[in-house]
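All ligand and atom numbering here is 1-based and tracks the order in the structure.
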Amino acid sequence: MTDEANPFESLQEQVDDAAAYLDVREDVLDRLKHPERVLETNLTVDMDDGSIGRFTAFRSQFNGDRGPYKGGIRYHPGVTRDEVKALSGWMVYKCATVGIPYGGGKGGIVIDPSEHSAGELERVTRSFAKELRPLVGEDKDIPAPDVNTGQREMNWIKDTYETLEDKTEPGVVTGKAIESGGSEGRVEATGRSTMLAAREVFDYLDRDISEATVAVQGYGNAGWIAAKLVDELGADVVAVSDSSGAIHRADGFDPVAVKDFKRETGSVSGYEDADEEFTNEDLLTMDVDLLIPAALENAIDEELARDVQADIIVEAANGPLTPDADDVLTESDVWIVPDILANAGGVTVSYFEWVQNRQRFYWSEERVNDELETIIVDAFDRMTDAHESFDTPNLRTACYVNAIQRVVDAYMDSGNWP
Ligand code: NAD
């Protein structure tokens with residue numbers, strides 16, 4: 001990952017690029033480039049050794065014009081205020097892209113979870129949930145998992161909130177375990193929308209995905225599920241990576257076997273069936289048909305973009321390309337399906353989970369997957385329609401054109417208060 005681009009500035013640039021195609025007043029646009037509020041808090045938590053740990057945490061509520069704020073909570077030592085602000089803004093445009101009734105939010109704690117026991121992580125999470133309590137709720141702001149958080153953390157947040165509020169409200173967070181009110185299909189949802197976006201773009205370009213070679217950067221929740229599902233479409237996943245490094249196999253990996261190996265050993269490096277081990281940079285510049293960045297933002301900067309050989313990029317990660325890299329790749333005619341569509345499966349099935357929580361009526365996995373497919377395919381078609389009718393330089397700008405129009409319409413319909 002490079003540290004060249006400030007993700008918040010990247011977001012603002014993306015909004016400006018798309019707004020150029022729309023008739024939006026400058027003052028209306030300005031509010032779409034800044035969060036409505038950001039909580040910054042320092043959590044003080046008892047450590048196992050008797051000391052007190054201090055952890056900086058953020059929650060950004062970017063825009064609520066289309067519904068309650070919605071977005072994940074990330075645990076990572078590199079979390080910054082600007083990163084959280086950017087991620088919350090991308091959530092606004094992601095929810096608008098797929099037409100689900102949410103605004104955007106995001107949270108993060110500056111912490112390396114690998115250095116803490118489960119007990120310490122639980123106390124950190126519950127402490128953050130206490131700080132979040134006045135800001136969240138099923139009609140206010142609904143957190144979800146992101147990097148290094150999952151069902152366990154969501155269950156802790158839900159339990160803390162419900163205990164303090166003295167009521168049952170499973171819809172206060174999504175991404176919960178099934179027994180705690182989670183949805184079937186949620187764990188796979190981000191990788192599934194990545195696969196659907198890949199399938200649709202190959203179809204749009206009259207190419208056969210079953211003939212494709214694929215490289216996947218990042219082998220966590222989003223990356224490994226995307227790898228498994230494109231493999232099921234017949235594609236060859238020839239390279240995968242995680243923070244430990246990358247592995248290559250010309251005949252394609254069995255994604256499930258690689259995942260089992262990573263589960264046992266903690267990384268993909270050392271996987272015995274690989275032809276060779278190489279670096280993440282090598283993986284990102286491989287000659288493949290499809291590249292799926294599924295790690296963190298800014299994975300590809302302008303310099304690296306010049307060496308990218310993939311024909312198609314489907315962004316499972318949020319913000320994996322810097323704006324300069326995006327320009328280089330657009331000029332090189334690389335087709336990029338942007339994050340706000342490709343990884344929107346996560347928030348879409350979170351939305352299904354929230355609907356089910358509110359109705360206390362739970363769907364089958366088949367229904368979840370069918371409804372997800374309908375939403376992603378529809379959003380993909382709206383994106384390609386906008387690309388053709390506005391003649392946008394790339395699919396990202398087309399997506400933002402649609403999304404910004406939806407948010408602006410919601411704001412203009414409601415007006416300001418007071
Ligand atoms: P995760 O923690 O499960 O996995 C992240 C993976 O990336 C790990 O395998 C890690 O080793 C790898 N990684 C980290 N730094 C790397 C580097 N420099 N090079 C290569 N690999 C690296 O996280 P996740 O939930 O899969 O999220 C990945 C991306 O997808 C993030 O950008 C996240 O915001 C986005 N996303 C996730 C969801 C979701 O539902 N999980 C939804 C939408 C977007």
Peer 1: What atoms of ligand 1 come within less than 4.0 Å of a heavy atom belonging to Ala295?
Peer 2: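 Listed by number with element, the hits are 7 (O), 13 (N), 16 (C), 21 (N), 22 (C), 28 (C), 29 (C), 31 (C), 32 (O).
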Peer 1: Are Phe62 and Tyr69 close enough that their ring centres sit under 6.0 Å apart?
Peer 2: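 Not close enough - the centres of the two rings lie 6.0 Å or further apart.
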Peer 1: First locate atom CG of Asn394, then atom OG1 of Thr330, and finally report the distance between them rounded to the nearest 0.5 Å.
Peer 2: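 Going from the CG atom of Asn394 to the OG1 atom of Thr330 covers 4.0 Å.
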Peer 1: What do you reckon, does Ser243 have a nitrogen or oxygen under 3.5 Å from a nitrogen or oxygen of ligand 1?
Peer 2: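 Yes, at least one N or O pair falls under 3.5 Å.
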Peer 1: For atom 38 (C) of ligand 1, which candidate among Thr190, Thr348, Val347, Val268 holds the nearest heavy atom?
Peer 2: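 Of the listed residues, Thr190 has the closest heavy atom.
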Peer 1: Hey, looking at atom 36 (N) of ligand 1, which of Val187, Asp242, Asn318 has the closest heavy atom?
Peer 2: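 The residue whose heavy atom sits nearest atom 36 (N) of ligand 1 is Asn318.
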Peer 1: Could you tell me if Arg186 and Thr174 have a donor-acceptor pair between their side chains, going purely by distance under 3.5 Å?
Peer 2: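 The criterion, which ignores hydrogens and geometry beyond distance, is not satisfied for Arg186 and Thr174.
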Peer 1: If you count the atoms of ligand 1 from 1 in the order shown, which ones are under 4.0 Å from a heavy atom of Tyr219?
Peer 2: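 Once the distances to Tyr219 are compared, the set is 6 (C), 9 (O).
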Peer 1: Against heavy atoms of Asn148, which atoms of ligand 1 measure under 4.0 Å?
Peer 2: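 Selected atoms, number and element: 2 (O).
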Peer 1: Numbering the atoms of ligand 1 from 1, which are under 4.0 Å from a heavy atom of Asp146?
Peer 2: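 Those atoms are 33 (C), 34 (O).
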Peer 1: Can you tell me how far CG of Leu132 sits from CG of Asp141, rounded to the nearest 0.5 angstrom?
Peer 2: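 Asp141 atom CG to Leu132 atom CG measures 7.5 Å (nearest 0.5 Å).
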Peer 1: Lys106 versus ligand 1: do any nitrogen or oxygen atoms come within less than 3.5 Å of each other?
Peer 2: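 Between Lys106 and ligand 1 (N or O atoms, distance only) the closest approach is not under 3.5 Å.
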Peer 1: Between OH of Tyr204 and CH2 of Trp335, what distance do you get to the nearest 0.5 Å?
Peer 2: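 The OH atom of Tyr204 sits 5.0 Å away from the CH2 atom of Trp335.
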Peer 1: Could you see which bit of Ala144 sits under 4.0 Å from ligand 1, with heavy atoms only: side chain, backbone, both or neither?
Peer 2: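 Neither; no heavy atom under 4.0 Å.
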Peer 1: Given that the side chain starts at C-beta and the backbone is N, CA, C, O, which of these parts of Lys262 lies under 4.0 Å from ligand 1, counting heavy atoms, or is it both or neither?
Peer 2: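 Looking at Lys262 and ligand 1, just side chain atoms fall under 4.0 Å.
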Peer 1: Could you tell me, atom by atom, which parts of ligand 1 come under 4.0 Å of a heavy atom of Ala222?
Peer 2: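 Contacts of ligand 1 toward Ala222, numbered from 1: 26 (O), 30 (O).
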Peer 1: Heavy atom under 4.0 Å from ligand 1: found in Met91's side chain, backbone, both, or neither?
Peer 2: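 Within the 4.0 Å criterion, Met91 makes no contact with ligand 1.
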Peer 1: So among Arg123, His116, Glu120, which one has a side chain to side chain contact (heavy atoms under 4.5 Å, CB included) with Val45?
Peer 2: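 Running side chain to side chain contact (heavy atoms under 4.5 Å, CB included) over Arg123, His116, Glu120 with Val45 returns exactly one hit, Arg123.
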Peer 1: Atoms of ligand 1 less than 4.0 Å from Arg186 heavy atoms?
Peer 2: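 Near Arg186, the atoms of ligand 1 are 40 (O).
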Peer 1: Atom CZ of Phe128 and atom OG1 of Thr149: how far apart are they, to the nearest 0.5 Å?
Peer 2: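 So the CZ of Phe128 and the OG1 of Thr149 are separated by 10.5 Å.
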Peer 1: If you count heavy atoms of other groups shown closer than 6.0 angstrom to CD of Glu388, is the number above 12?
Peer 2: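 Atom CD in Glu388 is packed in, count exceeds 12.
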Peer 1: Hey, which atoms in ligand 1 end up nearer than 4.0 Å to a heavy atom of Asn280?
Peer 2: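 Near Asn280, meaning under 4.0 Å from one of its heavy atoms, ligand 1 has 19 (N), 20 (C).
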Peer 1: In terms of atom number and element, which parts of ligand 1 are under 4.0 angstrom from non-hydrogen atoms of Gln217?
Peer 2: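 Checking each atom against Gln217, I get 19 (N), 20 (C).
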Peer 1: Can you tell me how far CG of Asp381 sits from CD of Glu200, rounded to the nearest 0.5 angstrom?
Peer 2: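 Rounded to the nearest 0.5 Å, the CD-CG separation comes to 6.5 Å.
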Peer 1: For the ring pair Tyr271 and His248, is the centre-to-centre distance below 6.0 Å?
Peer 2: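 Ring centres of His248 and Tyr271 not closer than 6.0 Å.
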Peer 1: Any nitrogen or oxygen of Asn221, main chain or side chain, under 3.5 Å from a nitrogen or oxygen of ligand 1?
Peer 2: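 Yes, there is a polar N/O contact under 3.5 Å.
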Peer 1: Any heavy atom of Pro145 sitting closer than 4.0 Å to ligand 1?
Peer 2: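 In this structure, Pro145 fails to qualify as a contact of ligand 1 - no heavy atom is under 4.0 Å.
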Peer 1: Using heavy atoms and a threshold below 4.0 Å, how should the contact between Ala299 and ligand 1 be classified: side chain, backbone, both, or neither?
Peer 2: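 Looking at Ala299 and ligand 1, no heavy atom falls under 4.0 Å.
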Peer 1: Can you tell me if CD on Gln309 sees more than 12 non-hydrogen neighbours from other groups inside 6.0 Å?
Peer 2: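 Atom CD in Gln309 is crowded, with more than 12 foreign heavy atoms closer than 6.0 Å.
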Peer 1: Within the distance-only criterion (no hydrogens, no angle test), does the side chain of Thr285 pair as donor or acceptor with the backbone N or O of Val308 below 3.5 angstrom?
Peer 2: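 Side chain of Thr285 to backbone of Val308, a donor-acceptor pair under 3.5 Å: no, none is there.
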Peer 1: Hey, does Gly220 come in under 3.5 Å of ligand 1, counting only N/O atoms on both sides?
Peer 2: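 N/O-N/O distance under 3.5 Å: yes.
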